[in-house]
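Everything below concerns the one structure shown next.
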Number of protein chains: 2
Amino acid sequence: MDMTERKLKILQAIISDFVRTAEPVGSRTISRNYELGISPATIRNEMSDLEEMGYLTHPHTSSGRVPSEKAYRLYVNEMMGRKELSADQKEEIARRLYDNVTELDNLIERAAHVLSEITSLTAFALSPAKEMEKLRYIDLIPVDERTVVLMIVSESGKVSNTAVQLDRPASEETLRILAKNMTYNYSGKTLSEALRSDIIRNFREDAEAMAMFENNIVPGFLRTLENMLNVNLYMDGLSNIFSIPEYSDIEKAKGFFDIINRKEEIRKKLIERDDGIIITIGGENQDADLAECSVVTATYHVDGKLVGKLGVIGPTRMKYDEVTSVVEYLTDNISKAFMITGGD
Amino acid sequence: MDMTERKLKILQAIISDFVRTAEPVGSRTISRNYELGISPATIRNEMSDLEEMGYLTHPHTSSGRVPSEKAYRLYVNEMMGRKELSADQKEEIARRLYDNVTELDNLIERAAHVLSEITSLTAFALSPAKEMEKLRYIDLIPVDERTVVLMIVSESGKVSNTAVQLDRPASEETLRILAKNMTYNYSGKTLSEALRSDIIRNFREDAEAMAMFENNIVPGFLRTLENMLNVNLYMDGLSNIFSIPEYSDIEKAKGFFDIINRKEEIRKKLIERDDGIIITIGGENQDADLAECSVVTATYHVDGKLVGKLGVIGPTRMKYDEVTSVVEYLTDNISKAFMITGGD
DNA sequence: GTTAGCACTCGCACATAAAGAGTGCTAACA
DNA sequence: TGTTAGCACTCTTTATGTGCGAGTGCTAAC
């Protein structure tokens, strides 16, 4: 059976109506509310065809039609236009994103918040992966006899540090040598290179320094690198789930929270996703628990180096055009916002 | 009407049964399952008295009795014993608390997690208030011509820092002088003193240093202090709410999440609460949205200086004895755990 | 003071009925 | 040949009625 122009229009009308109301839509509704100039009977015939083609389903004999995942996929791929955000919306988003942000992670967290509020869905955002960040500078700052602070500065200016307790007192001179050596050995290396590579030990001539390096500094160094590499997952708008009719059933709501609680898993899944705007619909999500959800993600870049993701998770019946636009606008603006506020 | 020994026993039986089953309890149930040696009819008479005294309520004429808030209050104040945790439970808690913790905040977050799992309720924990923390050491570390890292180390060893962009290049000498001065002026002061006090400017002799100090260092200093003072609220076990019959109604569940979402408010409320173990039952919580919940909080101390809170929120029908014991055990162990793992 | 007995009250689960929305088919029409 | 009106049929939803069970409150006897 061929897809005709008219079938497409009817399908679009059905999707649009169902997205709005969450109720199966009947032929009369389409005929009344969408000016296609054809009678309910004709629409019924077309609907019957569309069902045979796999674009519609029938909850039961005597109810309206519901778009299938195949229909959403067609809609997203072929029929959906970008919904340009209004100037007001853009301003609102920008204002809230730019407001008083001092840390990149902070900005990302806020992006999740804004995203969830605008879409009324559950939003998430991943702080940037820093594998490709390069080390710039390493220092050991004596605080007291047995305490030094190990500080690592990355090329993008991110600072991280740990207080390290020493076995034995260290002279400032020793610390200076160690720090200088580490900076020399590691600056220009990426964080993951530094973490994976064998620790470079080239002060064998100084037994004292060497012992301390081995026992105290190296563990602290690795710990700090790991901290810097950590990717945080922020989620927001969890309670939005309750305003979605699909989840008015307590069991389903519970199921949703069960998914959402497995943060570690989500984090991994997100990291695996391809770059750019990705929409997965229902069963396209490997996870069986997500079979009734769609996920929209987009990738942001800061400085062309740091890379992270954000997006929303909601019922397959979501406003893909709107959501896509907001997600895109946010990612486009994240690096911009961050430069303006001049965070570290 | 007087409270008698027997009435107390019956009330305790009713509370205990209702806490377990969430169903109104009838006279037969009490007579069968609790060996009080009296018949249902007698129990009915006593129940009737207890109702008149305000300890029981009656959902409708032909159903069992439900304890009132007044009953829970009596129970908590007079009848409840501490439920000693089993050695196994203690070990389990300790193991999970001590496991691989490197940061205090981390430990607190985990405490919330453990607490929610053990009680099957929603748990929260507040990272310690650091108002009383004293500054130990301040340093300015040059990274490149226009970038320095401002580092603050507190007496308990917590390190915090910000990268500061400079208007103009600064000599290492200038930075050294500034850092030395700041350490001299602020070490021994508490964080909040440092934040509130006027900035001390005593290098008027050096116009160059002074200008940089004013324009770049001071804002970074204040920002860092504020960061250090920030109190984080961790919540865990949100989805536990779904296994509580009281919240099988979607509207109530939604209401619960509405409360939980107002993190800022919760944080403030928690900070205001008195020290020690505090139990508020139903309407005793000012917040109308919490009128059907009870909140149990306890205070922990680290090093006798840092102070924070943790606790649970659940239905008025909760196992107060168990919850109290767990909460108490956790707070007692937090500082201990932290010393053992040798965190910063 | 305690207890057995019994009438009475509700709430709940279940069945049944009526209403409403929507389809699918048939036959007529342009 | 495509479109439409008409109508029987299906299935869900909502309202209504009924019986059952749990539990009380009262009375009278112990």
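Bear in mind that the values here come from a model prediction, so they are computed numbers and not experimental data. Below, read A as the first sequence line, B as the second, and so on, with proteins coming before strands; counting in each chain starts at 1. No hydrogens, no waters, no symmetry mates; every other heavy atom, side chains included, goes into these values.
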Problem set entry | Interatomic distance, A:Ile43 CD1 vs D:dT4 P [rounded to whole Å] | 9 Å

Exercise. Which is true for B:Thr61 with a 4.0 Å heavy-atom rule: it touches a base, it touches only sugar-phosphate, or it touches nothing?
Worked result: sugar-phosphate

For this session: Output yes when at least one side-chain N/O atom of B:Arg32 is less than 4.0 Å from OP1 or OP2 of D:dG23, else no.
Result: no

Problem set entry | Pair A:Thr280, A:Asn285: side-chain N/O donor-acceptor within cut-off below 3.5 Å | yes

For this session: Look at B:Ser39 and C:dT3 and indicate whether a side-chain polar atom (N or O) is within less than 4.0 Å of OP1 or OP2.
Result: yes

Problem set entry | Under-4.0 Å salt bridge between B:Lys90 and B:Glu84 | yes

Exercise. In the structure shown, which nucleotide is the Watson-Crick or G-U wobble counterpart of D:dG17, with both distances under 3.5 Å?
Worked result: C:dC14

Problem set entry | Rounded distance in Å - CD1 (A:Ile14) to C1' (C:dG22) | 13 Å

Exercise. Nearest nucleotide by nearest heavy atom, which residue falls closer to the 5' end of DNA chain C, A:Thr29 or A:Ala41?
Worked result: A:Thr29

Exercise. Which residue lies toward the 5' end of DNA chain C, A:Val25 or B:Asn45, if each is placed at its nearest nucleotide?
Worked result: B:Asn45

Exercise. Expressed in angstrom and rounded to an integer, what is the separation of A:His58 atom NE2 from C:dA21 atom P?
Worked result: 16 Å

For this session: Indicate yes or no: does B:Glu265 engage B:Lys268 in a salt bridge with an N to O separation below 4.0 Å.
Result: no

Problem set entry | Side-chain ion pair, A:Glu69 and A:Arg73, N-O less than 4.0 Å | no

For this session: Ignoring backbone atoms, establish whether A:Ser62 has a side-chain N or O less than 4.0 Å from OP1 or OP2 of D:dC9.
Result: no

Problem set entry | Base-pairing mate for D:dA22 - Watson-Crick or G-U, with both contacts under 3.5 Å | C:dT9

Problem set entry | Length of the line joining B:Ile10:CD1 and D:dT24:P, which is rounded to integer Å | 12 Å

Exercise. Atom CD of A:Glu51 and atom C1' of C:dG22: how far apart are they, to the nearest Å?
Worked result: 13 Å

Seminar exercise, completed: From NE2 of A:His60 across to P of C:dG24 the rounded distance in Å is 12 Å

Exercise. Between D:dG25 atom P and B:Arg28 atom CZ, what is the distance in whole Å?
Worked result: 16 Å

Exercise. Has A:Arg44 got a side-chain N or O lying under 4.0 Å from the OP1 or OP2 atom of C:dT26?
Worked result: no

For this session: Report yes if a side-chain nitrogen or oxygen of B:Arg65 is closer than 4.0 Å to either non-bridging phosphate oxygen (OP1 or OP2) of D:dT24; otherwise report no.
Result: yes

Exercise. So, is B:Ser63 close to the C:dG11 phosphate, meaning a side-chain N or O under 4.0 Å from OP1 or OP2?
Worked result: no

Exercise. Any ion pair linking A:Arg6 and A:Asp49 (charged N to carboxylate O, less than 4.0 Å)?
Worked result: no

Exercise. Just how far, in rounded Å, is C1' of C:dC25 from CG of A:Asp49?
Worked result: 15 Å

